[in-house]
Amino acid sequence: MKTQIISVDGNNIDKDVMRRAGEIIKKGGLVAFPTETVYGLGGDALKEESSGKIYRAKGRPSDNPLIVHICRMEDLPYLVEEVPDTARRLADAFWPGPLTMILRKSDKVPRTTTGGLDTVAVRMPMHRAALAFIEAAGGYVAAPSANISGKPSPTLARYVAEDMDGRIDMILDGGEIGIGLESTIVDLTGEVPVILRPGYITKEMLEGVLGKTEVDKALSDSSPAQPPRAPGMKYRHYAPKGELTIISGRQEQVVEEINRRAREKRQQGEKVGVIGTEDSVEYYIADSVKCAGTRKDENTIAKALYRILREFDDEGVTVIYSESFGEPEGSGIGQAIMNRLFKAAGHHIEYV
Ligand code: TXA
Ligand code: MG
């Protein structure tokens, strides 16, 4: 299959391009598209064959459900048994935006889309090109992140192409993604709302609208006794090829420890990469030192993280050390950053 790559501009939508992309979806094909979080790999959410194609293109286990993307609040009732009051309030506050809600599904949504579950994940993204594309595609686009399963989610169309060239019909290239980490997922099917995946919309923001909100226990406990409630969170995700270790502590000590380890590994013939920030990168000595942004604005770190992990892969880095960026229980987007970094590191963190 030949994959077409077409540039799109959220501020200047080319209706003809969107119509063509929408036609592909309606005919059962696949189109990757930009959202404000990461690139998505879209197919018709209401067609069984389309979700099957998505799973195959990603090499993803089919028990890992897809998020259904919509572009209008009026389209939500079609997908779900009922729209609870909590969902309306969250939609008012955060849609369109980087928030996914888990609700009880209607019989219109095939089980292939939901990985066999009775619930469905729904999100209305904010990126204008995403909204135009979803509308052109008929309103219901199932889309996981547009990476091969197990690789970091793509924040640039180049990385979508690297993973999906020849496997899908079209890539809509909207340039670099703004947020850089996947949406927050909140489960609204129980008594108390539960965060299944942290993201840009934080626990504090959700509590501001809903009151008490819990975090899935499996997110802070890595023991297999506690399986995560979002099936996708159980897989070793976001994994770079190099072996990643997080070193946490006071900055000077972290720098010293990482440099010591880097020297040792390089002597053993490893190619060493380091992830630091504006405040620290100049002090590191390794084969490849990357600046993830500034601690003064953690959004810069969220945006850079997946790109850096992919760059290390491209450079053939075999051992990676990263600074720690706040604790998993911390507030703000730091929690989401650490959640992804922990997974990329296979939970390997050391304190100095
Ligand atoms: O930001 C995002 O959410 C991106 C963009 C493209 O919208 N999409 C994304 O999709 O990250 P994906 O498939 O890579 O991650 C979806 C996560 C998986 O961990 C999956 O298990 C979980 O959502 N999920 C989907 N449906 C669910 C359901 N009914 N119940 C629990 N978890 C669900
Ligand atoms: Mg993903």
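Order of appearance sets the numbers: ligands from 1, and atoms from 1 within every ligand. Keep in mind the model is a prediction, meaning the values are calculated, not measured.
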Original post:
Which of the atoms of ligand 1 are close to E182, meaning less than 4.0 Å from one of its heavy atoms?
Top reply: 1 (O), 2 (C), 11 (O)

Pairs under 3.5 angstrom only: tabulate donor-acceptor contacts from the side chains of residues 168-180 to other protein residues two or more places apart or in another chain.
unit_1, atom_1, unit_2, atom_2, d
D169, OD2, L30, N, 2.8
D173, OD1, G175, N, 2.8

**OP:** May I ask you to list the atoms of ligand 1 that are less than 4.0 angstrom from any heavy atom of L117?
**Re:** 28 (C), 29 (N), 30 (N)

Original post:
Which atoms of ligand 1 sit under 4.0 Å from any heavy atom of I67?
Top reply: 3 (O), 8 (N), 9 (C), 10 (O), 16 (C)

**OP:** Run the numbers for me: atoms of ligand 1, each under 4.0 Å from some heavy atom of S183, listed by number.
**Re:** 1 (O), 2 (C), 3 (O)

Which side-chain N or O atoms in residues 18-27 pair as donor and acceptor under 3.5 Å with protein atoms at least two apart or in another chain?
unit_1, atom_1, unit_2, atom_2, d
R19, NH2, D16, OD1, 2.6
R20, NH2, Q4, OE1, 3.0
K26, NZ, A136, O, 3.4

Subject >> Pair R89-L210, side chain to side chain contact (heavy atoms under 4.5 Å, CB included): steps then yes or no >> reply: CA-CA 8 Å; R89 294 198 333 253; L210 297 177; 4.0 Å; yes

Original post:
Closer than 2.8 Å to the Mg ion (ligand 2), do we get an N, O or S atom from S153, backbone or side chain?
Top reply: no

Original post:
Using heavy atoms and a threshold below 4.0 Å, how should the contact between T119 and ligand 1 be classified: side chain, backbone, both, or neither?
Top reply: both

Original post:
What do we get for D187 next to ligand 1 when only non-hydrogen atoms under 4.0 Å count, side chain, backbone, both or neither?
Top reply: neither

Original post:
If you count the atoms of ligand 1 from 1 in the order shown, which ones are under 4.0 Å from a heavy atom of N64?
Top reply: 18 (C), 20 (C), 21 (O)

Original post:
Are any of the heavy atoms in K105 under 4.0 Å away from ligand 1?
Top reply: no

